[in-house]
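Below, chains carry the letters A, B, ... as their sequence lines are ordered, and counting in each starts from 1. When reading the values below, keep in mind they use all heavy atoms of this one structure, side chains included, and skip hydrogens, waters and symmetry mates.
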There are 2 protein chains.
Amino acid sequence: MSTIREVAKVANVSVATVSRVMNEKGYVSEKARTAVLQAIKQLDYRPNRVARSLFQKRSGLIGLIVPDITNPFFPQLARAVEDMAHQHGFQVILCNTDEQFQKEQEYIQSLEAMHVDGLIITTNYSNNPNYEELEVPIVALDRVLQGAIPTVTSNGHDGGKKAAQFLLDHGATELVVISGPSKLPTIRKRRDGFEEIAGKHLVASIESPFHFQGALGAANYLFDHYDCNGIFAANDVIAAATIQVAAERGIAIPDQLQIIGYDGIELGQMISPPLTTIAQPIYQMGELAAKLLIQRIEGKEIAAVHHELMVEVIERETTKRKGEES
Amino acid sequence: MSTIREVAKVANVSVATVSRVMNEKGYVSEKARTAVLQAIKQLDYRPNRVARSLFQKRSGLIGLIVPDITNPFFPQLARAVEDMAHQHGFQVILCNTDEQFQKEQEYIQSLEAMHVDGLIITTNYSNNPNYEELEVPIVALDRVLQGAIPTVTSNGHDGGKKAAQFLLDHGATELVVISGPSKLPTIRKRRDGFEEIAGKHLVASIESPFHFQGALGAANYLFDHYDCNGIFAANDVIAAATIQVAAERGIAIPDQLQIIGYDGIELGQMISPPLTTIAQPIYQMGELAAKLLIQRIEGKEIAAVHHELMVEVIERETTKRKGEES
DNA sequence: GATTGATGTGTAACCGGTTACACAATATGA
DNA sequence: TCATATTGTGTAACCGGTTACACATCAATC
């Protein structure tokens, strides 16, 4: 791989001139410019980004910290972030924390040491650490962080309300919410919104882990202990598990039991019957987070600190058609 | 952020000594060592990895190029690669090509310019480009590349055979394979293996795109034109679509129709009924690819060039229990 | 003809680590 | 006692870009 000095030699100019041509900065004569361009082509010269980073203190790297890319909520988010980053000439570094505080800290340290230009974090350690003290710009995604850190979430409270209203409107009378880990604020909001509207129709409110196996257990527990005809699951994976357990037990969906999920991941349309769900605009959330981050990186001030996007219900087949409530 | 020279000043030694302490290289007196360590702690000094990269020509970065992280096959792969990379002190840069030649080339150029230490590629442009000419070590995952590039795949031919054998053993008599895009060698192998064993029981062999919507169309086409009681889908997403279409049409699974998928992604267990499938060891494949790459990066020669892992059938509920075939 | 400003170019320092090399000081062995 | 390791440390060059600054040249203006 050739260097700028070699290019300079071939083009018979100084390195400064080569640099000027490359960055289109400062005065360069037409003659010098073509000579340099010619030399660059001849040597297949591409500037060393590491060297450039060192001087400019800008690496063109964005760190994306997620709990686990394997959780089907995150690939779409990651994709959105990567697309937006790519459009602006950034690359993204993927980090999985498994929700472990220590891994998260390790990654942040590494990323800082390699001078990433910014960080997008979806994390739980909302309060503990010193995000505000970090020198790099940060945007929080799907989780709300303390302080002056911009965040992007969707309106979970409204989502919960919409879910309850939808079930009620479609003839469900005994409602259950299978919530996620209640230490997560975003999850609590969904549940609270649901319970607010469900009111006296609420039969039970139980908790489930996010992963499928755990949700299977929660669903079994639910059916063992309660009777209901409308379930709101805190995410689509839990909803899928609930559907599976219901199918095993011969409970007809949506006739005997209606189920509504949350998230709007692709999984929802792949299962049978296809899942009615409260869809977050996942891709847009990732996109917005990346956009905000890039704006901060480029020094623009950001207006609102907290961005909350709307959710919408996607009606599929785990709920009854309107007018057929029976 | 403090620099090595500041540390040197505080510890009252030269930068060389600080560097020696940090890298545990060369002679350092106990006295100097403790002074340096003390200074490092005092200043919360962390070496600038960019500067280190520049000199060492080693960035600690691995590029992972996938078609689309949103395709449920890839998150597990990415996770495995990232885990292994992290264990060895590397970070991974995620790139989505959408199977577009041009995006792939762009990414490779960028990654080269930022001096990634290695590349893991899952790509289709098996023949076209100049992978062999690249200076960075490469490992191909799930796709076979020409030349001396190490590859990691699973035994698709055997997988196809196993699928056919399994359906036959469980009482299916009229078999169909819904294959993926036949330009992909890995996909062709699955189909060929299946057809080899299916023999005269093969009723039809059709092609489907990989994404769910397209697969829905293919499944509808299939049911409109053929009668069969055993289907092999080239991946689990296609299988899920087939199940959904079958459910819509009131075809009982597995009683009237048995379905077997391919891949072994989590989706398979989340759908109803849970999917019998030929599972690739996805995580292990990613892990192995990363391991091989890291070995190459560290200069070790690699024995075998092509690694083919075994697949196994995971029996769930879209196929009949043995002994209950009819 | 002198002053001013725009244009064009090169030298060398700088970013922050790493390390070859020179030079000491001390220890070992004959 | 003198030659030879062994141990310990600092200076300065280097990695490959970027850019402040000095210096030229040339046209326009007074």
Side-chain angles (χ1 to χ4, degrees), chain A residues 1-40 43-61 89 109-117 135, chain B residues 1-40 43-61 89 109-117 135:
Chain A
M1 187 62 88
S2 42
T3 72
I4 198 175
R5 285 166 231 272
E6 300 179 276
V7 174
K9 189 161 291 174
V10 171
N12 236 315
V13 296
S14 72
V15 291
T17 301
V18 177
S19 182
R20 285 187 200 105
V21 172
M22 307 240 333
N23 300 303
E24 299 179 340
K25 221 181 217 176
Y27 298 112
V28 182
S29 68
E30 207 40 56
K31 203 172 120 228
R33 147 170 276 99
T34 53
V36 168
L37 257 20
Q38 158 68 26
I40 286 177
L43 296 173
D44 185 29
Y45 168 71
R46 272 162 293 159
N48 181 331
R49 297 238 262 148
V50 178
R52 180 179 275 166
S53 295
L54 178 58
F55 188 89
Q56 294 184 156
K57 290 144 182 326
R58 226 159 157 304
S59 58
L61 259 20
Q109 299 251 329
S110 295
L111 293 171
E112 245 194 325
M114 70 200 320
H115 284 244
V116 293
D117 296 333
E135 294 167 27
Chain B
M1 188 60 90
S2 41
T3 72
I4 198 173
R5 284 167 233 271
E6 299 179 275
V7 174
K9 190 161 290 175
V10 170
N12 236 315
V13 296
S14 72
V15 292
T17 301
V18 177
S19 182
R20 283 185 201 107
V21 171
M22 308 239 334
N23 300 303
E24 299 179 338
K25 222 181 215 176
Y27 298 112
V28 182
S29 69
E30 206 41 56
K31 203 171 120 229
R33 146 170 276 100
T34 54
V36 168
L37 258 19
Q38 158 69 25
I40 287 177
L43 298 174
D44 185 29
Y45 167 72
R46 271 161 295 157
N48 180 331
R49 296 237 263 147
V50 179
R52 180 178 277 166
S53 294
L54 179 57
F55 189 90
Q56 293 184 159
K57 289 145 182 323
R58 226 159 158 303
S59 59
L61 257 22
Q109 299 250 330
S110 296
L111 293 171
E112 245 193 324
M114 70 201 318
H115 284 244
V116 294
D117 295 334
E135 293 167 26

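Counting non-hydrogen atoms under 4.0 angstrom, A/S19 reaches a base of the nucleic acid. Here B/V13 lies in heavy-atom contact (under 4.0 Å) with sugar-phosphate atoms only.
One atom, CD1 of A/I4, and another, C1' of D/dC14, lie 16 Å apart when rounded to the nearest Å. Atoms CZ (A/R20) and P (C/dG8) sit 11 Å apart, rounded to a whole Å. Taking atom NE2 of B/H115 as the reference point, atom C1' of D/dG16 lies 9 Å away to the nearest angstrom. The NZ-P distance, from B/K31 to C/dT26, rounds to 12 Å in whole Å. B/M114 places its CE atom 17 Å from the P atom of D/dG16, with the value rounded to the nearest Å. Between B/I40 atom CD1 and C/dG17 atom C1' the separation is 13 Å, expressed in whole Å. Rounded to whole Å, the distance from NZ on B/K9 to C1' on D/dT11 is 15 Å. Computed from coordinates, the B/E30 CD to D/dG8 P distance equals 9 Å when rounded to whole Å.
Contact check, A/N48 against D/dC15: no side-chain N or O comes under 4.0 Å of OP1 or OP2. Residue A/K25 places at least one side-chain N or O closer than 4.0 Å to OP1 or OP2 of D/dT19. Here A/Y27 does not reach the OP1 or OP2 of D/dT19: none of its side-chain N or O atoms lies under 4.0 Å away. Between C/dG8 and A/T17, no contact under 4.0 Å exists linking OP1 or OP2 to a side-chain N or O. Note on A/T3: every side-chain N or O is 4.0 Å or more away from OP1 and OP2 of D/dG16.
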Should B/H115 and A/R49 be marked as a side chain to side chain contact (heavy atoms under 4.5 Å, CB included) after you check the CA-CA gap, both sets of side-chain angles, and the distance that decides it? CA-CA 8 Å; B/H115 284 244; A/R49 297 238 262 148; over 6 Å; no
Please walk me through it: do A/N48 and A/R52 pass side chain to side chain contact (heavy atoms under 4.5 Å, CB included)? CA-CA 6 Å; A/N48 181 331; A/R52 180 179 275 166; over 6 Å; no
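Near-neighbour residues of DNA chain C inside residues 49-60 of chain A, defined by a heavy atom below 4.0 Å, number-ordered: A/L54, A/F55, A/K57.
Using a 4.5 Å cut-off on side-chain heavy atoms (C-beta onward), B/E30 and B/T34 make contact. The shortest side-chain heavy-atom distance between A/I4 and A/M22 does not fall under the 4.5 Å cut-off. Within the 4.5 Å cutoff, the side chain of A/K9 has no heavy atoms near those of the A/N12 side chain. The shortest distance between side-chain heavy atoms of B/V13 and B/V21 does not fall below 4.5 Å.
For a distance-only test at 3.5 Å, the side chain of B/R33 fails to qualify as a donor-acceptor partner of the base of D/dG8. One donor-acceptor pair, N or O on each side, does fall under 3.5 Å between the base of C/dG17 and the side chain of B/R5.
How far CZ of B/R46 is from OG of A/S110: 9.5 Å, rounded to the nearest 0.5 Å.
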